[in-house]
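What follows is a single structure, written as structure tokens, with notes after it.
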Amino acid sequence: MEQEMDEQPLTNRVQMWQKRADDHKEKQLINPFSDWEGASHRQKLSKDDENYGRPVSGSKTEIRGKQAGEQSSREVISLCYVIYDLGKHQEDGSYNITFGELFETFLMISNNLVGTLLRARKYKFVEFEGEMLYQGRDEEKVITLRTLPERP
């Protein structure tokens, strides 16, 4: 009886490792960069596939992408609240601040202000003139906060 108890965990571990090995082999057979014999070097992808251009569901790449998206959203929300706190309230309910003033303030918070401003404009939280803002040249350009996003 004691011998059966010792063998059971070993059997389970062997099965677990065999399953891992089988899963790995299956992934390598569809990996276009795999050197394994029988691997499909040209995976057929269709642009109509809903997963086209997306990482494999449940993969570390997907998890990292979601985390990066959440971090990006937090930065946009933080930027909007800085504009709300420091900007001048307008009659239409918006808040205005110059790029120079925002740059000086935001420098303490983050080093990627322009990218965050571009994302905030993409989601129609802020508006500003031009495609890109540059330190020095665009110090007097006005940034307008139109919509204050909800904090998560």
Side-chain angles (χ1 to χ4, degrees), residues 12-13 15-152:
N12 288 344
R13 283 186 267 171
Q15 289 173 347
M16 178 191 71
W17 283 107
Q18 187 60 49
K19 181 176 178 352
R20 280 187 170 185
D22 292 343
D23 289 347
H24 178 71
K25 182 176 181 179
E26 202 173 298
K27 285 181 183 177
Q28 289 302 309
L29 290 175
I30 63 170
N31 180 350
F33 304 107
S34 175
D35 288 333
W36 283 37
E37 187 176 323
S40 159
H41 290 283
R42 291 199 161 220
Q43 188 177 0
K44 302 276 187 196
L45 299 175
S46 168
K47 290 185 180 181
D48 298 327
D49 184 0
E50 65 182 36
N51 293 320
Y52 183 79
R54 297 184 183 272
V56 175
S57 181
S59 67
K60 289 182 181 180
T61 302
E62 181 189 41
I63 293 167
R64 285 190 297 267
K66 286 180 179 179
Q67 289 171 342
E70 290 168 3
Q71 174 64 25
S72 176
S73 295
R74 284 192 298 273
E75 288 176 2
V76 167
I77 291 168
S78 173
L79 170 67
C80 290
Y81 276 89
V82 168
I83 296 171
Y84 175 79
D85 291 339
L86 300 176
K88 294 178 182 79
H89 185 262
Q90 305 299 306
E91 289 181 17
D92 66 354
S94 65
Y95 291 83
N96 289 348
I97 191 169
T98 64
F99 177 65
E101 184 181 353
L102 185 61
F103 186 86
E104 289 298 318
T105 303
F106 216 75
L107 193 60
M108 301 294 186
I109 300 169
S110 173
N111 62 355
N112 55 355
L113 171 63
V114 175
T116 306
L117 274 169
L118 292 172
R119 283 192 303 275
R121 179 169 64 178
K122 176 182 175 183
Y123 294 108
K124 304 196 184 319
F125 294 129
V126 300
E127 293 175 354
F128 55 88
E129 203 176 293
E131 290 297 312
M132 182 67 93
L133 297 171
Y134 296 95
Q135 182 186 11
R137 184 185 84 178
D138 297 322
E139 301 279 322
E140 298 303 317
K141 285 208 176 168
V142 175
I143 298 168
T144 304
L145 175 66
R146 291 286 178 204
T147 307
L148 189 62
E150 290 185 29
R151 286 190 170 147

* Return yes if some donor-acceptor pair links the side-chain N/O of T105 with the main-chain N/O of E101 below 3.5 Å, else return no. => yes

* Polar side-chain atom of S72 near backbone of A68 as donor-acceptor pair, under 3.5 Å -> no

* To do: Give every residue pair that meets the side chain to side chain donor-acceptor pair (under 3.5 Å) criterion with at least one member in residues 123-141, sequence neighbours excluded.
  => E127-R146

The criterion is side-chain hydrogen bond (donor to acceptor under 3.5 Å, both in side chains); which residues satisfy it with [X], sequence neighbours excluded?
| X | value |
| --- | --- |
| Q67 | none |
| D49 | none |
| S59 | none |
| T144 | N96 |

Please find the pair of heavy atoms, one from [X] and one from [Y], that lie closest to each other, and give the distance.
| X | Y | answer |
| --- | --- | --- |
| I77 | E150 | CD1-O, 3.7 Å |
| I63 | G58 | CD1-O, 4.2 Å |
| I143 | F128 | CG1-CB, 4.1 Å |
| C80 | F125 | SG-CB, 3.7 Å |

* Asked: Does the side chain of F99 reach to within under 4.5 Å of the side chain of L113, using non-hydrogen atoms?
  -> yes

* Asked: Do T61 and V56 touch side chain to side chain, with heavy atoms closer than 4.5 Å?
  -> no

* To do: Tell me, please, which residues at least two apart from E62 pass salt bridge (charged side-chain N to carboxylate O under 4.0 Å, His left out).
  => K66

* Structure fact -> salt bridge (charged side-chain N to carboxylate O under 4.0 Å, His left out) pairs touching residues 15-26, sequence neighbours excluded, are K19-D23

* Structure fact -> CG (L133) and CZ (F103) are apart, to the nearest 0.5 Å, by 11.0 Å

* Measure the OG1-CZ distance between T116 and R74 for me, rounded to the nearest 0.5 Å. => 12.5 Å

* Asked: Is the number of heavy atoms from other residues, nucleotides or ligands within 6.0 Å of CD (E50) greater than 12?
  -> no

* To do: Any chance you could lay out the side-chain contact (heavy atoms from CB on, under 4.5 Å) test for L145 and I97, step after step, and finish with the verdict?
  => CA-CA 8 Å; L145 175 66; I97 191 169; over 6 Å; no

Considering only distance and modelled atom types, tabulate donor-acceptor pairs under 3.5 Å from the side chains of residues 81-89, sequence neighbours left out.
| unit_1 | atom_1 | unit_2 | atom_2 | d |
| --- | --- | --- | --- | --- |
| Y81 | OH | P149 | O | 3.0 |

